[in-house]
Amino acid sequence: MPELPEVESARATIERGALGRRIAAVDDTDRYECRPHAPGEIARALVGRRLVSVHRRGKSMWCETSGADGGEGAGPALGIHLGMSGRIVVTDADGSSIEGGDWLGGRYGRVADQPDRKPEWDRFTLTFDDGGQLRLFDKRRLGRVRLDLDLSALGPDAQQVDLAEFAARVGRGTVAVKARLLDQSVLAGVGNLLADETLWQARISPRRPAGELGAEELAALHRALLAATEAAIARGGVHTGEVIEHRTPGGHCPRCGAELARATVGGRTTFWCPAEQR
DNA sequence: AACAATGTTCAGTC
DNA sequence: GGACTGAACATTGT
């Protein structure tokens, strides 16, 4: 699930539920998600501290931490990336979840609601001294947790670029626009589904060379990106996008009824309306 | 059983 | 060096 909207929801969940609570224990034993840290390294760095703020750029999040045991100064930042299937779950002392979005239906977006939820899918856990937890629940195990996350390879957050910057960054090069939108060093936050939804809303073919787009098309794309992102956050995830539910073999354009085209663009499976998206 | 999956990254080519 | 491509990564679901 995790594209910018899901990560923003996760960020809000942490902000609402996990800040200020003292970290009593840390399970950082997942070798893959916590690499290159050795098991115990993140734990040593965080126990006794509190999360004081959460930030996001694109699909990356990081929490700033307090000094140790209420002391002055600041601790290391805790970086979190949800990967392909991660979610953040924050619980109260009694174990009840105080997380945000409901992640309703559709082929995407359900993970923690599933009845076959396995404990081993919790890849990283902070336990607070009140007994509650912050967990990274991640079936596919491509998420990442690390201290002092490096953000230098990321472009500006997709939700925050203005039209001028958007046009300058996206509207160049010979690659397909979709590939350009997916490039996190160009813009941070757009994933496969959000890219399809944005291009569909803007009526632009994902295969168009990015540098060939005109000023009006880039403006339409920028508008569509902001609208699609905002709607996804409000509705609980990118899977709520207008074309997304039709994004299946044999699916039809919900606007004109034409059968959606399917192909690999920018290395990812792509659906678009061949009648409207030019 | 083979393949695709909302993620990034790295090696390799032009 | 920059732009671009494809495979690899770990795991699950179809």
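A, B, ... follow the sequence lines: proteins, then strands. Residue 1 opens every chain.
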May I have the distance from [X] (atom [atom1]) to [N] (atom [atom2]), rounded to whole angstrom?
{"X": "E3(A)", "N": "dA5(B)", "atom1": "CD", "atom2": "P", "result": "13 Å"}
{"X": "R140(A)", "N": "dC3(B)", "atom1": "CZ", "atom2": "C1'", "result": "12 Å"}
{"X": "R180(A)", "N": "dT5(C)", "atom1": "CZ", "atom2": "C1'", "result": "15 Å"}
{"X": "K139(A)", "N": "dG13(C)", "atom1": "NZ", "atom2": "C1'", "result": "8 Å"}
{"X": "L151(A)", "N": "dT8(B)", "atom1": "CG", "atom2": "C1'", "result": "14 Å"}
{"X": "L142(A)", "N": "dA10(C)", "atom1": "CG", "atom2": "C1'", "result": "5 Å"}
{"X": "I244(A)", "N": "dA5(B)", "atom1": "CD1", "atom2": "P", "result": "13 Å"}
{"X": "E33(A)", "N": "dG7(B)", "atom1": "CD", "atom2": "C1'", "result": "11 Å"}

Plane angle bin for H222(A) and F166(A) - parallel if under 30°, tilted between 30 and 60°, otherwise perpendicular: tilted

Look at the side-chain N and O atoms of [X] and state whether any lies under 4.0 Å from the OP1 or OP2 oxygen of [N].
{"X": "R268(A)", "N": "dG7(B)", "value": "yes"}
{"X": "K59(A)", "N": "dG7(B)", "value": "yes"}
{"X": "H81(A)", "N": "dT8(B)", "value": "yes"}
{"X": "S85(A)", "N": "dT11(C)", "value": "no"}

Regarding [X], tell me which of base, sugar-phosphate or nothing describes its non-hydrogen contacts under 4.0 Å with the strands shown.
{"X": "R146(A)", "result": "nothing"}
{"X": "R172(A)", "result": "sugar-phosphate"}
{"X": "G173(A)", "result": "sugar-phosphate"}

Distance, P atom - from dA10(C) to dA11(B), rounded to whole angstrom: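 15 Å, rounded to whole Å.
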
Lys/Arg cation over aromatic W272(A): R247(A), 6.0 Å, 45° cone: no

R21(A) bridged to D130(A) by N-O distance under 4.0 Å: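 Yes, R21(A) and D130(A) are salt-bridged.
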
Complement of dA4(B), any strand, by Watson-Crick or G-U distances under 3.5 angstrom: dT12(C)

Greater than 12 external heavy atoms within 6.0 Å of R31(A)'s CZ: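 Counting other residues, nucleotides and ligands, CZ of R31(A) stays at 12 neighbours or fewer.
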
Residue T269(A), side-chain heavy atoms: nucleotide from dA4(B), dA10(C), dG7(B) that is nearest: dA4(B)

Short side-chain to backbone donor-acceptor contact, R123(A) and K139(A), under 3.5 Å: yes

Pairwise 5' ranking along DNA chain B for R144(A) and N192(A), keeping only the more 5' one: N192(A)

